Q: 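Before I ask anything, let me first share the structure, which is written out below as C-alpha cells.
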Amino acid sequence: MTFEIDVGGRVRAVSIERAGPRRFRIVVDGQPRVVDAVRAGEFGLSLIVDGAAASRDVHLAPDSSGAGLLAAIDGRVVAVSVNDRQARRSAHEGAAVADGAQAVVAPMAGRVVRVLVGPGDEVGARQAVIVVEAMKMENELRAPRAGRVKDVTVTAGASVEAGRALVLLE
Amino acid sequence: MTFEIDVGGRVRAVSIERAGPRRFRIVVDGQPRVVDAVRAGEFGLSLIVDGAAASRDVHLAPDSSGAGLLAAIDGRVVAVSVNDRQARRSAHEGAAVADGAQAVVAPMAGRVVRVLVGPGDEVGARQAVIVVEAMKMENELRAPRAGRVKDVTVTAGASVEAGRALVLLE
Amino acid sequence: MKILIANRGEIAVRVIRACREMGIPSVAVFSDCDRGARHVREADQALHIGPSEAARSYLRGDAIIDAARRAGADAIHPGYGFLAENAAFARACRQAGLTFIGPSPEAIALMGSKTAARGVALRAGVPVVPGTERPFDVRATEEEIARTAREIGYPLLVKAVAGGGGKGMRVVEDPAGLSDAVRTARSEAGAAFGDTSVYLERRLARPRHIEVQLLCDGMGTVIPFVERECSIQRRHQKVVEESPSTAVDPVLRRRLAGAASAVARDAGYTNAGTIEFLLDEQGAFHFLEMNTRLQVEHPVTELVTSIDLVQWQIRIARGEAIDIDPARALTPHGHAIECRIYAEDPDQGFMPSPGLVRAIRPAAGPGIRDDGGVSAGYTVPVYYDSMIAKLVAWAASREEAIARMARALREYQVSGIRTTIPFFLWLMQQPDYREGRYDTTYLDRLLDGRRAAFSKLDEGDLELVAMAAALDEFLRRSAPEGPPAGSVRSLWQEAAWREALRA
Amino acid sequence: MKILIANRGEIAVRVIRACREMGIPSVAVFSDCDRGARHVREADQALHIGPSEAARSYLRGDAIIDAARRAGADAIHPGYGFLAENAAFARACRQAGLTFIGPSPEAIALMGSKTAARGVALRAGVPVVPGTERPFDVRATEEEIARTAREIGYPLLVKAVAGGGGKGMRVVEDPAGLSDAVRTARSEAGAAFGDTSVYLERRLARPRHIEVQLLCDGMGTVIPFVERECSIQRRHQKVVEESPSTAVDPVLRRRLAGAASAVARDAGYTNAGTIEFLLDEQGAFHFLEMNTRLQVEHPVTELVTSIDLVQWQIRIARGEAIDIDPARALTPHGHAIECRIYAEDPDQGFMPSPGLVRAIRPAAGPGIRDDGGVSAGYTVPVYYDSMIAKLVAWAASREEAIARMARALREYQVSGIRTTIPFFLWLMQQPDYREGRYDTTYLDRLLDGRRAAFSKLDEGDLELVAMAAALDEFLRRSAPEGPPAGSVRSLWQEAAWREALRA
C-alpha cells in the first residue's frame, strides 16, 4: 500500500508491505527500510528501525480542529497529513482560501480588541491585521500573504466565533 | 431504564431517568437521588450528588479477564457487574462452577510447585489445595467452599495455562 | 475547617492536595465549561457557580460566597488571579464570617495600588524605581504630565495604578509618544480594572526580575525566602522561573530579604505574599510591586527550601504561629526551574490552542514535580488563562536542573492540542539561558523576528514521522472490521475490537 | 559512553532517565512480551534478546553481551535482579571489553556467598547474627548439624549460602523440625541457585531490617548514607521502605555507617552497594548480608540526601572520584517513604494480577516521585516480578510523608488490573505503622488470618459505585450508533463517534 504523507512542507511517498507479525518493509521516497512497529497506547506507535536498532516513539492524534493530525516525537510536534487530507494547520494558520481571496479567520472564540487595517490597505506577508483576545491574551492575527485588504467584517469590541472570517484579502 | 448492579455482595436495583443535559434522577433500592454526571476520560465518570454536592470520581474498566468490571473509587477497587453478567471476580476466585462440581482453576499461566491434597481428601472453605508459581511468586490456590477432592489433574512441576482446572471438588 | 477554593485549574488542584494532606475537606466551584475539569473531580464537594465567562462565574464573589454557605465551608482559598487580589471580595468574605486565606482586605487594598505600595516601600527605606509618587489626577494636563516625564527621563513606562500582568502599561521611548501612551493605558486600565489612574516610572534598561516570597503570621513573624528569578518573560508574562537566581549572592540575598520584610511589616501584611524587585545592571535593586497572594511560581521556592507554602497559608489563616527556621527559608538547597506549560502554539506566535486533550502523560521520575490542571478527555476552554500544567525540575545544581528539565520536557506527552513544550525544549538549549545571562528583555529580543519553528525536526525525524503516519493508516485499514453497529453496544465487544486494533 | 541496560520495567526506565540527563545514549533489550514495554520506547536503541521466559532473555548473559556489541554500547547497567549479582556475567562483560556498572566480579562472588560475606564482616570487626561460619559439607551428618544447631540455639534459620529474596530459607522452631528444614532448603536452593549449600543462623525474635547504602569509588573513597528502614515485609519481601528509620538515632546512625564502610573496605568493594543489618530488640545490630547492586528502594535515599545514586554509579564506573560531602550523605533531610505498587490483588491473598493496563494516571504534585515502568496499553506479563511502579513520597516529617503518601495513593489510577494500592492505603492508616512501631514480623502477623478486603467501601460508596455502573450502561445505550463498520474506517469518523460517547 502506498501513502502520500505531507510533513515538514514536503509530500513523501511511503509504501508499506507487511514482512512479519510486526515487521514492515517501508520505502520512503525510494529509500527502503525494515521497521519493527507496534501500537503503544491509544495514540502511540513504537518504531524500531533496522540497522541501527534506533527506537523511536511517535504519537499521532487528531488536532483540535479534528481535521488535521499532530505528530509528536521526543517532545516536538509537527502537523502531518495522510493522502489528500489537507495538511492545513487547522484554523491556526488564521487563513482560509476562498475563490482567489484569502480571509484571516478567528482561530477561536474571542473578542476583537483592535482592527489594524482598513479596506484598501496594502499589507505585507505576516503583517498583523487584527487583534483578538482569548484566554486572557491578546492575539495578533497576521496576513497569510502580501495583498490588499478587501473588507473588514468586524469592529473592535465584537465577539466572534471560531472560524469567522475577519479580514478579507484580495 | 432499570439495571441490576451486583457490587459488594449484594444486587441493587438502579433505575435511571434523564432529567437534563447531564442530570439524572436515579433510584437505588427505592432511595431517590438527583445526580449530575459526566464522563471524564475513557473510563472515568464524575458524579455530583445533589444535596451535599458531594463530588466523586468512579473509574470503570473491564478487568484482566475482560469478562468482569472493576470500579475504582478514591484508590480502592471493587468488582461490579451490570445485569446478568456474572459478577465473577474473573479467574481470580480460582473457582468455576461446573455441573455440581467445583474446580480450582489456574488464574494465570505458571508452574505447579506443590499439590497439597489428593483425591478423597476433605477440605474446608478457603483451605489451600495447590501452589502455583507465577511472576516470581508462589501462589496458594484455595478451595472456594468446603467439600471433598474428586480429582487432581496435575502433578508438581507441570506447566499450566490460565484457566486450566487443577483440582476438582465434589 | 472546610475550605472552598475560589479558583480552577492547576492551582485549585494544588490547594485540594494540600487540604487532603492536612485532613481538611475541600470544596470546588465550577463554571459551565469546567463541569468535567480536574479540580471538580478531585475535590470533596463541587458547586456550579455560573456560565463559562469568568465575569459570570469565577469573578462572581457573591456566587462564590453563596456556594461556601451552601457547602458549609468556613474558609476560602482564592488561588491566584480571579479574585485573589480583590480587596472587596476579601472584605465580603470577612463580613460573611468566612476566613479568607490571604492578607487582610486593608493590606490588599493598600498594596494593590501601585503608587500607595511605592509609598510604603519608600517609608520602609526601600528604593523604588524612580517615578511619580502619586497617580495623575484625571484632569492632569498634557503639559503637567510631560513636565513630570522630563524630570523622570526617557525611556519611561506609563503604568496603571491598579494594573497587573502587563495590562494598562505602555513603554514610551521619547516625548512624542507620551500623550498617546497615557491615553491608551488609561483606556485599557479602565476596561480591565475599572480604574483609569496611571503614573509614570523610569524604564530600566535591562533589569532582572527578582522576587522575594514572604510568609507573615498574625503575631508579627515575617519569614523571607530565598529569591526567585523570573526574568524569562514573553510580553511581560513570566514563562520560566527559577530559584535561586544566578545574579544574587548571599550578601545581596540578605539585603533583598531585609528590604522585602521591611515593606511587609510596614504594610501590616499577613499570610503569603511576594515582593517584586528589579535588579539593574549595576546590581542595585528597586521595589517594583507587591503581589498579595500565592504566586504561580511558588513551587520553585518549595523545592529549594522544602517548605510547603500552601499548607502554611492555611495554618496562618487558622491562627497558627509560623514555626520555620529562618535560615532554612533563606538558604537555597539545590536549584529548581519551572516551565509553565500553556495550551499555545509556539510555532504560530504563541497563539492559544484550546481544545480536547485526547491524552496526557506528564513527565515523572527523579527530581520532577508536575503540578497539572487537566486530564485526558478535558476540553481546554477558550475562556481562561491557557496554562495546563507547571513542570518543575529540581537538581543539586542549575546545570543538572536544566538537563533534567530537558529530559522531562522530552518525556511529556500531550495529544490533541499544541503546547509550549517544544519552545521550552528549545529555550533550554540557548547558550545565554544556560549561562544564566539574561534579563527581562532577553526573551522578547530573542523571539523578535524569529520565524523558524521551535519544533526542529531533521530529515531523519521527518522521515520517521512519515513512516509512522503511513503505518498508522496501514494498520487501521488492515484491522478487523469495526465494532458491531447498533443502538445497544456492549463494552466487551467494543473492548475486543479496540484490542484487535492494537496491531 | 553508551550504556546498555540489561533489565526491564521501572529500573530500566530509571537508568534511561539518568543517561538522558547525563547526555549518554541508552540501549534497551527486550523479550518477546516486552516489545511494547516502556523501557523499549524510551531508550535510544532497542534490541530483541529472546523469548518471554527470563531464562531465555533477561538472564541470557551471552545474548545481552551480543546485543551490546551490535548496538555499539561500551557499558552495561544491570539494574537489580536478573544478572545484577551474577559474578560470571560481570566477568563476561569485562572479557568482552564492556564496563559493568557495578562492583568487580570478585567482589560480587565474595559477597554473594552468605558465609563468605559473614567472614568478611567478622574480619572487619562487625557483629553478625550468631550462626555457622562455614556452610555444611554435603556429607555432613544429621547428628553433626543437630549439634551445631544446639550450640546456636532455637529458633533458628536454615539458609542457602547462595540465597536471596527468602528463597532456600526455612524457619526451625525446635529440634524436631531440623532435618526436614535442611532437606527442603537444600532442594529449593539447588533448584533456584544451582548450589545446595546451607548454613544455620539464629533467628532473632522481632528484628528490624535496617540497611546502609554505600558508594565506593576506585580510589578508596567509601561514602555511607543515612539508613533505610525496610522492616515492612510480606513473606520476606520488602513492600514499603523509608528513610530515615524511627529506630535509629544519630549515634546509632554513625555506628551503622562505620560498620557498613568497614565491611565494604574489607571486601575491596566499588560502585553502589548496600549492607543489610538486623537490629534486635535490645538495639544491637548484626550484619545480615550485602547486596552488590542498586536496590529497588534507592529513591528514598535519593530524596532525603538529594544525591542521585544512579548518576553516581555511572560516574564511578567511568573512573570518576566521588565528590560528595560525607555529612550530606549521612544527614537525613526530611523523610521519604516508598510503596512498591505490584500488579497483585491484595484482596485475594496478593495473587498476581497480570493483564492489560487500560489506563494509568500516576499520582503527582508536591513531594511525589513516581518511578513507573508501564504505560497505558501495555500488558503486564506473567513472566516477571509484578512490580509496575514505585510511588515515593517526601515531606519534612514522617507524619507528613504518610499523609502525603495516602493522598497520592488515593489519586493513583490504574484501570484494567488489580494493584496493591488499596492495601497501602489501608497500611498507612494502621496505628502501629503510623507510630513507627514495627519489625520484620509485623506485617505477616497483621495479615495472618485477616479476611476482610483492603478496599473497604461503606454503604454510601457501594451505592455510588452502583449508580456509576448503571449510568455507564445507560449512557452507552443512549449514545449514538457505533462508528461506520467496514474495512476502511477513518480516524475522523471514529473520533467523532467517540466524542459523542462522552455524554
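Quantities reported herein were computed from a predicted structural model and do not represent experimental measurements.
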Q: Answer yes or no: is there a side-chain heavy-atom contact under 4.5 Å between B:Ile48 and C:Val40?
A: yes

Q: Which of the residues C:Arg70, C:Arg38, C:Arg41, C:Glu42 is involved in the greatest number of heavy-atom pairs with chain B at under 4.5 angstrom?
A: C:Arg41

Q: Would you give the length of the straight line joining atom CZ of C:Arg35 to atom OG of B:Ser46, rounded to the nearest 0.5 angstrom?
A: 3.5 Å

Q: Go through the atoms of C:Ala43 and report whether side chain, backbone, both or neither lie under 4.5 Å from a heavy atom of chain B.
A: backbone

Q: If I measure from the heavy atoms of chain C, does B:Asp36 come under 4.5 Å with its side chain, its backbone, both, or neither?
A: both

Q: Given the options C:Ala28, C:Gly72, C:Ala46, C:Ser375, which has more heavy-atom pairs under 4.5 Å with chain B than any of the others?
A: C:Ala46

